Amino acid sequence: MRKLAYLGPEGTFSEEALRILAPDAERLPCSNVAAALDAARRGEAEGAVVPLENSLEGGITSTLDELAWGQPLIIVAELLLPVKFSLLARPGTELGQIKRVITHQAAHTQCRAFLARELPDVHVIAAASTAAAAQEVSLPGSPYDAAIGAAIAGEHYGLIEVASDIGDRSDTVTRFVQVTRPGPLPKPTGADRTSLVAYLAEDHSGALLDMLSQFATRGINLTRIESRPTGDGIGQYFFHFDCEGHVFESRVGEALSGLHRVCADVRFLGSYARADGLSPQIRRGTADHEFAEAAEWLDRIRGDGA
Ligand SMILES: O=C(O)C(=O)C[C@]1(C(=O)O)C=C[C@@H](O)C=C1
């Protein structure tokens, strides 16, 4: 049976995402996102399911950075998971008794309004995951009064829900991706997304525009762009892009070749079916048959001399 790594322990949102993406897979819980990706890189697991983007907080930087460096991994599937947070405590605990809360940093930032309104003096301590926080609160003698996590984590670790749906917005969604070591790409479905990382050749005026033009001139809509520091000094950045379409489609393939020409390096992170099933609008002159027809026309002009 195939095995997939994820941010554990049992009861995380990552586990929920994995169960939906690969219901039959064996699950390998890891202590952080980097460890889950490394398990996939080393072959201890066939792949991993990791959070990539949140509708309220944006890119999950730990995942973005891990995918940008080291042994390459590619995305083969994505899932949009609605995330609902609960305040979880040992049975008998009341809201007014809660002084110390533990949770994952992403959950903390998504529940800021509730904490400010209901628990203005609370200390919030960071945990490796929401389920690790719930597990910690369940331990006898735990210094924490409550955890913020999924209701299922509360059930798993014998905690009660002191408050439910405490996120700043009730429609928050986290985008999870399933990654594997590079291999055969998922087939195009007509409603696909392509992810990549581009590293600038040199810092110059219009460097970002040079990259964006590769997409724009081929009628490709971007669905996410994110700059991340290279670590080489202030002002040094590389870029994550998600765009509509599949690398097997001419316009996307040409855009990636164009990026390869103008960048120091481009890391392909995969082409895979979009979870929302939205198909791109193909602008006139950018369909596969139009690229093929233009290539034939060029061959005819060049004749035998080419
Ligand atoms: O701690 C978890 O339960 C996770 O799966 C991680 C994570 C994240 O990193 O964003 C996933 C979804 C929620 O946005 C909060 C936490």
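Every value quoted in this text rests on a predicted model; they were computed, and no experiment measured them. What's counted below: heavy atoms across the whole structure, side chains too, no hydrogens, waters or symmetry copies. Read the numbers this way: they start at 1 and go in the same order the structure lists the ligands and their atoms.
By the 4.0 Å N-to-carboxylate-O rule, Glu78 lies close enough to Arg193 to be salt-bridged with it. Salt-bridge formation is detected for the pair Glu57/Arg112: a Lys NZ or Arg NE/NH1/NH2 atom is positioned less than 4.0 Å from an Asp or Glu carboxylate oxygen. Between Glu226 and Arg228 there is no salt bridge, since no side-chain N of the basic residue sits under 4.0 Å from a carboxylate O of the acidic one.
Ring geometry for Tyr199 against Trp69 counts as tilted: the plane angle lies between 30° and 60°, on a 0 to 90° scale. Relative ring orientation between Phe13 and Phe85 is described as perpendicular, the plane-to-plane angle rising above 60° on a 0-90° scale split at 30° and 60°.
Looking from atom 5 (O) of ligand 1 to the surrounding protein, the closest heavy atom is Ser14 OG, 2.6 Å. The protein non-hydrogen atom at the shortest distance from atom 11 (C) of ligand 1 is Phe176 CZ, 3.8 Å. Nearest to atom 3 (O) of ligand 1 among the protein's heavy atoms is Thr130 OG1, 2.5 Å. Residue, atom and distance of the protein heavy atom nearest to atom 9 (O) of ligand 1 are His104 CE1, 3.3 Å.
The shortest heavy-atom distance from Gln105 to ligand 1 is not under 4.0 Å. The shortest separation from a heavy atom of Ala131 to ligand 1 is not under 4.0 Å, leaving the residue out of contact.
For Asn54, every heavy-atom contact with ligand 1 shorter than 4.0 Å involves the side chain, none the backbone. Counting heavy atoms under 4.0 Å from ligand 1, residue Gln110 touches it through the side chain alone.
Geometrically, ligand 1 and Thr174 share a nitrogen or oxygen pair separated by less than 3.5 Å. Between Leu7 and ligand 1, not a single N/O pair is under 3.5 Å apart. Checked by distance only, ligand 1 and Thr12 stay at 3.5 Å or farther apart across all their nitrogen or oxygen atoms.
Across all non-hydrogen atoms, the minimal contact from Asp171 to Ser55 is O-OG, 4.3 Å.
For Thr172 and Gln110, the side-chain atoms include no donor-acceptor pair closer than 3.5 Å.
In summary, the atoms of ligand 1 found under 4.0 Å from a heavy atom of Ser129, numbered by their order in the structure, are 1 (O). Heavy-atom proximity to Ile60, at under 4.0 Å, picks out these atoms of ligand 1: 10 (O).
For Asp121, there are no salt bridge (charged side-chain N to carboxylate O under 4.0 Å, His left out) partners two or more places apart in sequence or in a different chain.
Side-chain N or O atoms of Asp192 include one that pairs as donor or acceptor with a backbone N or O of Thr189 at under 3.5 Å.
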